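If you read the sequence from its start, that first residue is 1, and numbering goes on from there. For clarity, every value in this text was computed on a predicted model and none was experimentally measured.
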Amino acid sequence: MNEGKSERPKSAGAENQAAGADAATAVFEDLEALRERVAGLEQERDDFRNLLQRTRAEFENYQKRSQRDSAQERRYAHGALALDILPILDNFERAVAAAKQAGESGPLVQGVSLIQNQVMDALKRNGITRIEAQGQPFDPNMHQAVMQQPSAEQPPNTVLKILEQGFMLHDRVLRPASVVVSVPAPAAGG
């Protein structure tokens, strides 16, 4: 009987050891599963953090671009109105030039000249300025060549005459100047 009793505790101890080993294995497996889950969650967190940072950067860039576009729009908004006013200013210039050519200098001519100057001042206050073209080298970005004229006094491709004044809106050409451009004079002995 002693043998049976002593075997029982051995098998109970072995069973306890086996159960303990199984429990330890289960704990280690659970621990490993938790580690894998934590690693997966950390990766997911990092992905979301990267997405957040990219989204934040894109939104900041969008805001900056939107502000820049809005400022640009405000800066050039009155360009269409200016284009409508420029022919009126041209007519004032023609009227004053015709009156001076006819030898008139009365109050009507002075009044038209004064209005012309007021319109020019208003345009300047809003960033609209004349393109200085007379005697300048021809620039296709700022001038529109309407005619060519031989000239011995001016080098080739020089603006000889302005037919219609050009205007800039800040740094953009609002209307190019219509000009007559010099070409080399033909040789006299030909």
So, Gln165 side chain and Ala177 main chain: donor-acceptor pair closer than 3.5 Å or not? no

Closest non-hydrogen atoms of Ile162 and Val159, given as atom of the first, atom of the second and distance, are CG1-CG1, 4.5 Å

Tell me whether Leu114 shares a hydrophobic cluster with Val119, the cluster being built from Ile, Leu, Val, Met, Phe, Trp, Tyr side chains joined at under 4.5 Å. no

I'd like to know if the side chain of Arg130 and the backbone of Gly166 have a donor-acceptor N/O pair within less than 3.5 Å. no

Could you check whether Arg54 pairs with Glu60 (Lys NZ or Arg NE/NH1/NH2 to Asp/Glu carboxylate O, under 4.0 Å)? no

Does Asp30 pair with Arg35 as a salt bridge, N-O distance under 4.0 Å? no

Any donor and acceptor pair, going by atom type alone, linking the side chain of Gln154 with main-chain N or O of Leu160 inside 3.5 Å? no

Hey, does Pro176 have a side-chain heavy atom less than 4.5 Å from the side chain of His143? no

Any donor-acceptor N/O pair, Asn126 side chain to Ile128 backbone, under 3.5 Å: no

4.5 Å side-chain heavy-atom contact, Arg65 and Arg68: yes

Flag yes if more than 12 heavy atoms outside Gln72 fall under 6.0 Å of its CD atom; otherwise flag no. yes

The reported gap from CD in Gln110 to CG in Asn117 (rounded to nearest 0.5 angstrom) is 11.5 Å

Show the numbers, then the answer: is there a side chain to side chain contact (heavy atoms under 4.5 Å, CB included) between Leu89 and Leu123? CA-CA 10 Å; Leu89 187 62; Leu123 292 174; 3.9 Å; yes

Should the ring pair His170 and His78 be called parallel, tilted or perpendicular, given that the plane angle runs from 0 to 90° and is split at 30 and 60? perpendicular

Closer than 3.5 angstrom, by distance alone: can the side chain of Ser182 be matched with the main-chain N or O of Pro155 as a donor-acceptor pair? yes

Under a 4.5 Å cut-off applied to non-hydrogen side-chain atoms, are Val181 and Gln149 in contact? no

Would you check if Glu93 and Ile88 make a side-chain contact, meaning some heavy-atom pair closer than 4.5 Å? no

So which heavy atom on Ala95 is nearest to which on Val112, and how close? CB-CG1, 4.3 Å

If you define the side chain from C-beta out and look only at heavy atoms, does anything of Pro150 sit under 4.5 Å from Pro184? no

Rounded distance [0.5 Å steps], OH in Tyr62 versus CG in Asp69: 9.5 Å

Val146 side chain reached by Ser178 side chain, heavy atoms, under 4.5 Å: yes

Give the intermediate values and the outcome of side chain to side chain contact (heavy atoms under 4.5 Å, CB included) for residues Phe92 and Ile115. CA-CA 8 Å; Phe92 280 137; Ile115 293 170; 3.4 Å; yes

Over 12 foreign heavy atoms within 6.0 Å of CD, Gln101: no

Gap between atom CG of Leu31 and atom OG1 of Thr25 - 0.5 Å precision: 12.5 Å

Assess the residue pair Leu41 and Arg45 against the criterion (side chain to side chain contact (heavy atoms under 4.5 Å, CB included)); give the C-alpha distance rounded to whole Å, side-chain angles, the decisive distance to 0.1 Å, and a yes or no. CA-CA 6 Å; Leu41 291 173; Arg45 178 204 61 203; over 6 Å; no

Distance check, rounded to the nearest 0.5 Å: Ser66 atom OG versus Asn61 atom CG? 12.0 Å

Establish whether Leu86 and Met168 are linked, either directly or via other cluster members, by ILVMFWY side-chain heavy-atom contacts under 4.5 Å. no

Under a single-linkage definition using a 4.5 Å side-chain heavy-atom cutoff for Ile, Leu, Val, Met, Phe, Trp and Tyr, are Met147 and Val183 assigned to the same hydrophobic cluster? no

Would you please test Thr129 and Phe167 for side chain to side chain contact (heavy atoms under 4.5 Å, CB included) and show each step? CA-CA 5 Å; Thr129 55; Phe167 288 88; over 6 Å; no

Separation of Leu51 CG from Asp46 CG (nearest 0.5 Å): 12.5 Å

Can you get from Leu174 to Leu81 by hopping between Ile, Leu, Val, Met, Phe, Trp and Tyr side chains that sit under 4.5 Å apart? yes

Side-chain contact test, heavy atoms from C-beta onward, threshold under 4.5 Å: evaluate it for Val180 versus Leu163 and give yes or no. yes

Would you compute the distance between atom CZ of Arg175 and atom CE of Met142 and round it to the nearest 0.5 angstrom? 13.5 Å

Gln144 side chain reached by Val179 side chain, heavy atoms, under 4.5 Å: no

